[in-house]
Amino acid sequence: MKSSNQFRDQLIYLLERGHTHRECRAELRFMHSVAAASLAKLYMSGKIDETQFANMSVDLAHDLREAQSFLRCKYTEV
């Protein structure tokens, strides 16, 4: 089953290639910053309305929390 959380998918990719916990956390912060900036740009340009912006922001925050939880679980298994 394909995951819909791109943050988690990227973490899996990095972990499979031997990246450290610190590197994964840094990549996660970077990906979140880029996604948040892109979302803000869409809103500021008028391409999405306030409701869409709010809903997408909540989805983004949820995906980030899920990916952070996934990363914590992966490193507590070791």
Side-chain angles (χ1 to χ4, degrees):
M1 183 170 117
K2 178 80 173 121
S3 170
S4 63
N5 186 330
Q6 293 182 355
F7 293 144
R8 189 180 60 222
D9 292 346
Q10 182 65 16
L11 289 176
I12 291 169
Y13 175 84
L14 294 172
L15 290 168
E16 288 174 346
R17 280 147 188 78
H19 287 260
T20 67
H21 181 256
R22 176 174 279 177
E23 291 168 332
C24 290
R25 279 188 7 235
E27 180 66 16
L28 187 56
R29 281 191 303 273
F30 174 75
M31 290 186 302
H32 180 259
S33 295
V34 169
S38 296
L39 186 56
K41 187 175 179 180
L42 286 172
Y43 176 66
M44 297 303 288
S45 69
K47 293 182 180 176
I48 60 174
D49 64 25
E50 189 173 337
T51 302
Q52 290 171 310
F53 177 74
N55 290 336
M56 294 171 83
S57 294
V58 168
D59 291 343
L60 182 62
H62 178 276
D63 286 352
L64 176 64
R65 283 190 304 273
E66 185 180 300
Q68 288 170 329
S69 177
F70 171 80
L71 188 58
R72 274 191 300 274
C73 288
K74 281 296 180 189
Y75 275 91
T76 56
E77 287 176 359
V78 176

What do you reckon, is CZ of R17 surrounded by more than 12 foreign heavy atoms closer than 6.0 Å?
->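 Yes - once you tally the heavy atoms of other residues, nucleotides and ligands closer than 6.0 Å, there are more than 12.
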
H21, NE2: over 12 other non-hydrogen atoms inside 6.0 angstrom | yes

Can you list the steps and then say if F70 with L15 is a side chain to side chain contact (heavy atoms under 4.5 Å, CB included)?
-> CA-CA 11 Å; F70 171 80; L15 290 168; 4.0 Å; yes

Where the side chain of Q52 meets the backbone of D49, is there a donor-acceptor pair that is under 3.5 Å apart?
->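 Checked: pair present.
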
Donor-acceptor contact below 3.5 Å, side chain D63 vs main chain N5 = no

Locate the shortest heavy-atom distance separating L39 from S57; write the atom from each residue and the value.
->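 Closest heavy-atom pair between L39 and S57: CD2-OG, 3.4 Å.
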
Please report the closest heavy-atom contact between A35 and L60, naming both atoms and the distance.
->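 Residues A35 and L60, closest heavy atoms: CB-CD1, 3.6 Å.
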
What is the distance from atom [atom1] of [X] to atom [atom2] of [Y], rounded to the nearest 0.5 Å?
X: F7; Y: R29; atom1: CZ; atom2: CZ; answer: 13.0 Å
X: L28; Y: R8; atom1: CG; atom2: CZ; answer: 12.0 Å
X: D9; Y: L14; atom1: CG; atom2: CG; answer: 11.0 Å

Linking I/L/V/M/F/W/Y whenever their side-chain heavy atoms sit closer than 4.5 Å, directly or via other members, would M44 and M56 fall into one cluster?
->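 Looking at the clustering, M56 is in the same group as M44.
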
Given the rule that I, L, V, M, F, W and Y join up when any side-chain heavy atoms are under 4.5 Å apart, are L64 and M31 in one cluster?
->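 As far as the 4.5 Å side-chain criterion goes, M31 and L64 are connected within one cluster.
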
Side chain to side chain contact (heavy atoms under 4.5 Å, CB included) assessment of F53 paired with L42 | CA-CA 8 Å; F53 177 74; L42 286 172; over 6 Å; no

Please test N55 against T51 for side chain to side chain contact (heavy atoms under 4.5 Å, CB included), starting from the C-alpha separation and ending with a verdict.
-> CA-CA 6 Å; N55 290 336; T51 302; 3.7 Å; yes

